[in-house]
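Within every chain, numbering begins at 1; the chains are lettered A, B, ... in the order of the sequence lines, protein sequences first and strands thereafter.
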Number of protein chains: 2
Amino acid sequence: MAYDLNKFFKAISDPNRVKIMELLKDKELNVSEICQHFDMQQPSVSHHLNVLKNADIVAHSKRGKEVYYRLDSICITSCCNGFQEQFVEIEKLGKA
Amino acid sequence: MAYDLNKFFKAISDPNRVKIMELLKDKELNVSEICQHFDMQQPSVSHHLNVLKNADIVAHSKRGKEVYYRLDSICITSCCNGFQEQFVEIEKLGKA
DNA sequence: TTTACACATAGGAATGTATCTATATATTAT
DNA sequence: ATAATATATAGATACATTCCTATGTGTAAA
């Protein structure tokens, strides 16, 4: 899959979205569960989830009334590594 | 040095700034030389350079009338790797 | 010591983004 | 069928970002 790097980095340039990603680090959560960790209203959370989804950072599955979101770690590593490799010699990559 | 990840990702979320970074991949350039590769006016280029500088992505040195910019690859690898490690198990990091 | 050049800064217009409230849609339970 | 719940979408407002033109600042040459 060819990820859109600009879309990816725009998506992770928002602290609320990064916080959502942290919540999803090692478990699926539905929208209501995610909302409980924020002061924002549910439509704002849905908006952020949509941005993350369009950047392929999260995937979702509907189960009953709830929609569960989970992190796609392949996207994260692929985008971060791919970007670095544009600018830094491969042999230097692990160092910092 | 502790990089500001949000500032870093905002900075690289603009295609023109990424293009500047590409131009600086393995050589220093001054502002006029950078301008030649864009349709934007010089003040816009200066603005983008300032954003990159504030994110520690580029450094600059004044020599005579010219100001030369160069890429800080430590910042790039450190931010990209640091971000990944927030979300992905270390042993999976090289894979994607 | 003016003039020319390289770059930065200021201010404004157009566009994009985040958030809210209100409402639509889909699913389940009564 | 109707109501309740979970989520998404629409539209409005506030704020941020990008780009422009005009101008300021520092350095070198005439």
Side chains of B:Ser32 and B:Gln36: do they bring a donor and an acceptor to under 3.5 Å? no

Checking A:Lys19 against A:Asn16: is there a side-chain donor and acceptor pair closer than 3.5 Å? no

Counting just side-chain N and O atoms, does [X] come under 4.0 Å of either OP1 or OP2 of [N]?
X	N	value
A:Ser32	D:dA6	no
B:Arg63	C:dA6	no
B:His48	D:dT18	no
B:Asn50	C:dC7	no
B:Ser44	D:dC19	no
B:Tyr69	C:dA6	no

Side chain of [X] - closest among [options]:
X	options	result
A:Asp14	C:dA18, D:dA8, C:dA8	C:dA18
B:His47	C:dA18, D:dT18, D:dA6	D:dT18
B:Pro43	D:dT21, C:dC7, D:dC19	D:dT21

Would you indicate what B:Lys10 reaches in the nucleic acid, counting non-hydrogen atoms under 4.0 angstrom: base, sugar-phosphate, or nothing? sugar-phosphate

On a plain distance test, is the side chain of B:Gln42 in donor-acceptor contact with the base of C:dA8 below 3.5 Å? yes

Is it true that A:Lys25 and B:Glu89 have a side-chain N and a carboxylate O under 4.0 angstrom from each other? yes

Residue that, paired with B:Arg70, satisfies side-chain contact (heavy atoms from CB on, under 4.5 Å) out of B:Glu28, B:Lys27, B:His60: B:Glu28

